[in-house]
Amino acid sequence: MQKPLPIGFEDFKRIIDGNMYYVDKTLMIKKLIDNKGSVNLFMRPRRFGKTLNLSMIRRFFEEELNENGEKIQNAFLFDRLEIAACGREYMDQQGKYPVINLSLKAAKQPTFELAAASLVDEIAKEYKRHAYILSCDRISENDKIRFTAVMNQKAQDVEYAKALDFLSSCLTRYHGVRTIILLDEYDVPLENAYFEGFYEKMTGFIRSLFESALKTNPNLEFSVITGCLRISRESIFTRLSNLEIYSILNPWYADSFGFTEKEVKDVLSFYGLEDKFAEIKNWYDGYRFGETDIYNPWSILNHVKVSLANRTAIPQPYWSNTSSNSIIKELVENADSGVRQEIEKLIAGEKIKKPVYEDITYDSIYDSQDNLWNFLYFTGYLKAGDGGLENDTNYMKLMIPNAEVRAIYKRTVLAWFDKKVKNLECSELLSALEKGDSERIEEFISKQLLDTISFYDYAENYYHGFLAGILKGAGKYIVMSNRESGTRRPDILLKTPSVRGEAIILELKVSDSFQGMEKKCHEALKQIGEMDYEAELRAEGYNNIKKYGVSFYQKECMVRK
């Protein structure tokens, strides 16, 4: 029986118990033991295995007890994994510590009250998971009352702010060893709060929750925290002198999140899909953590699953359905002419040079364009080009990592263009076409070209779609493109619903130089006449017919009538 793929599964134990395909990341446990870091912050893009790794860490280290205080055995989960081959000094750590495991994902809510209530609910669930301590004589009656109040969501606000600190104290007294604290997606509440408008309130809550648990806590063995961005200016971590930061720039733990090339080839070999490697590399490779090339694990597993049912399946941008693309939308919609040119370069596969720094924060994303580029880099929408950070500077050459992310940019640009066209006031263009004012026509079209983003290498079909899109959104005229007329097809035909009105023929040409645009306009007009593009319009009854030769060179337009 073929192993199922663990798509959507983030519980390490369920994956192993269910005999699902597991890419072994247990050597991360060895590194945590060897490095002896007190508070470890890992910054990685969404869907790169952060939650699954925390689940693995919990199942390894936790002395897990059921509600009756009886130990749950988890050592067998690691029997055939790489950590088991590292020796007794590591396996002796298995099942040794109490663990607090808290996810902050639930705080993605529209108001502070709902977000805070969601976090309180998650804290209460974690208290309930450890309710066995209420039978312990080493826990005072007053502490049991406080514990029960938090568990039943009837405690005071200050008790929730210090909930992790207090729980670690109770667990350490019960188990006789210090507590490990795991915090998943810590920046989700902050990102959400920024966009929903209650950033300062949520920052204060998270700061109180973290500081009491992570700063000089005598009951803390170590902590692992995951997120996309490092949050510093909010003072959540500024007073933590024991914080170790592992961003995508850091070489430590580089292969612990996402898939390495070997791991990708192993997956494909296991499922007999070795011939899929080239397309998977093109679509889902391209990330670089430290100096290690990394593939997007979520998209690869999804594409493998689809390919098992249909070997000719075309790769899709699976990651775009799981991540917030609002930041790219903001970049595109607010871009000035310089940024639009940079977006075009990126989509064309070129690099742009930008300063990179780790402490970008949600409340400063829109302070400058550089901050926006940084956010895109740390959240996986850009990658470092060859060479990484330049010597003695914080500048880096950035580029789009792969075809999947490039497709996300293209979709965003197309959606923006459609929205732009719908809101575009085209009466000036229509008036100029009706009056035969070539100069005003070319000025209008050139301005729109300068204000848009191209990723079609300025081929004729790009200009054709661009101009047809503008005209179709203008109303008044029936717009037909490449419809049969005469002996060949004119590029664009406009005609009023009534034959008593008028019709307009537009023939488009692309010049390979600015100086050659005039010649191309006359070639287009000559083609209209020689191919008798008026034939169908005359047959329908139109007598008032205007003809235009339109030439393009990059973002310049020339019109002759």
Side-chain angles (χ1 to χ4, degrees), residues 32-33 36-41 54 57-72 93-104 107 116 119-184 186 189 204-226 235-244:
L32 285 170
I33 294 172
K36 294 181 170 54
S38 178
V39 180
N40 305 274
L41 171 61
L54 282 192
I57 292 167
R58 176 198 153 197
R59 298 295 185 180
F60 183 84
F61 286 105
E62 185 172 30
E63 184 183 12
E64 188 176 2
L65 306 181
N66 63 21
E67 59 185 11
N68 298 318
E70 299 165 337
K71 186 165 184 175
I72 299 173
Q93 303 288 311
Q94 199 284 319
K96 180 179 177 181
Y97 302 93
V99 174
I100 296 172
N101 183 52
L102 185 68
S103 171
L104 280 67
L119 287 177
V120 165
D121 185 59
E122 293 298 314
I123 291 169
K125 288 178 183 177
E126 190 63 6
Y127 268 62
K128 189 173 183 179
R129 195 170 74 85
H130 296 290
Y132 56 82
I133 71 168
L134 294 173
S135 62
C136 177
D137 294 337
R138 293 187 294 276
I139 308 298
S140 70
E141 287 304 315
N142 284 338
D143 282 349
K144 288 179 182 179
I145 292 171
R146 178 178 174 181
F147 185 100
T148 303
V150 174
M151 183 174 67
N152 294 332
Q153 302 187 42
K154 295 180 179 180
Q156 301 296 316
D157 288 348
V158 67
E159 292 173 320
Y160 289 112
K162 296 182 178 297
L164 301 184
D165 177 49
F166 177 67
L167 181 55
S168 68
S169 172
C170 294
L171 290 173
T172 295
R173 278 177 277 166
Y174 183 95
H175 291 268
V177 291
R178 287 187 294 268
T179 302
I180 294 170
I181 298 179
L182 307 178
L183 301 170
D184 192 24
Y186 85 95
F205 185 91
I206 299 295
R207 179 170 57 242
S208 299
L209 188 69
F210 281 20
E211 278 192 355
S212 61
L214 304 178
K215 181 186 175 186
T216 62
N217 180 359
N219 302 300
L220 178 66
E221 178 66 21
F222 69 84
S223 177
V224 177
I225 308 169
T226 70
S235 297
I236 288 175
F237 294 139
T238 51
R239 287 182 283 233
L240 291 180
S241 59
N242 55 347
L243 178 67
E244 295 194 33

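Bear in mind that the values here come from a model prediction, so they are computed numbers and not experimental data.
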Taking only Lys NZ, Arg NE, NH1 and NH2, and the carboxylate oxygens of Asp or Glu, determine whether R59 and E64 approach each other closer than 4.0 Å.
yes
Sort and list the pairs that fulfil salt bridge (charged side-chain N to carboxylate O under 4.0 Å, His left out) and have at least one residue in residues 216-226, not counting sequence neighbours.
R178-E221
How far apart are the closest heavy atoms of K144 and I133, and which atoms are they?
CE-O, 4.4 Å
Test: side chain to side chain donor-acceptor pair (under 3.5 Å). Region: residues 129-138. Which pairs qualify, not counting sequence neighbours?
E62-R129, E126-R129, E126-H130, H130-Y132, Y132-H175
Determine the sole option in L243, L32, T226 for which the side-chain contact (heavy atoms from CB on, under 4.5 Å) test with N40 is passed.
L32
CD1 of I139 to CZ of F147, rounded to nearest 0.5 Å, is 8.5 Å
From L183 CG over to F210 CZ, what is the distance, rounded to the nearest 0.5 angstrom?
4.5 Å
Within a strict 4.5 Å, meaning less than it, do heavy atoms of the L214 and I225 side chains meet?
yes
Exam field: side chain K71 to backbone G95, donor-acceptor pair closer than 3.5 Å:
yes
Working note: I33 + F61, criterion side chain to side chain contact (heavy atoms under 4.5 Å, CB included); need CA distance, chi angles, decisive distance, verdict.
CA-CA 10 Å; I33 294 172; F61 286 105; 3.8 Å; yes
Before you tell me yes or no, could you show the steps for L104 and I206 under side chain to side chain contact (heavy atoms under 4.5 Å, CB included), namely the whole-Å CA-CA distance, both residues' side-chain angles and the distance that decides it to 0.1 Å?
CA-CA 10 Å; L104 280 67; I206 299 295; 3.8 Å; yes
Going from CG on L54 to CG on D184, what distance comes out if it is rounded to the nearest 0.5 angstrom?
5.0 Å
Determine the minimum heavy-atom distance between S168 and N217, stating which atoms define it.
OG-ND2, 3.1 Å
What's the shortest heavy-atom distance between S212 and A161, and which atoms?
OG-O, 3.4 Å
Using a 3.5 Å distance criterion without hydrogens, assess whether the side chain of N68 forms a donor-acceptor pair with backbone atoms of E70.
no
State, with a plain yes or no, whether a side-chain heavy atom of F166 is found less than 4.5 Å away from one of Y127.
yes
Within the structure provided, determine whether L167 and T179 are in side-chain contact (heavy-atom separation under 4.5 Å).
no
First locate atom CD1 of I100, then atom CG of L102, and finally report the distance between them rounded to the nearest 0.5 Å.
8.5 Å
Gap separating the OG atom of S103 from the CG atom of L182, nearest 0.5 angstrom
11.5 Å
Selection residues 152-166 - residue pairs positive for side chain to side chain donor-acceptor pair (under 3.5 Å), sequence neighbours left out:
D121-Q153
Can you tell me how far the CZ atom of R173 sits from the CG atom of N219, to the nearest 0.5 Å?
8.0 Å
Contact summary for L171 and P98, nearest pair of heavy atoms
CB-CB, 3.8 Å
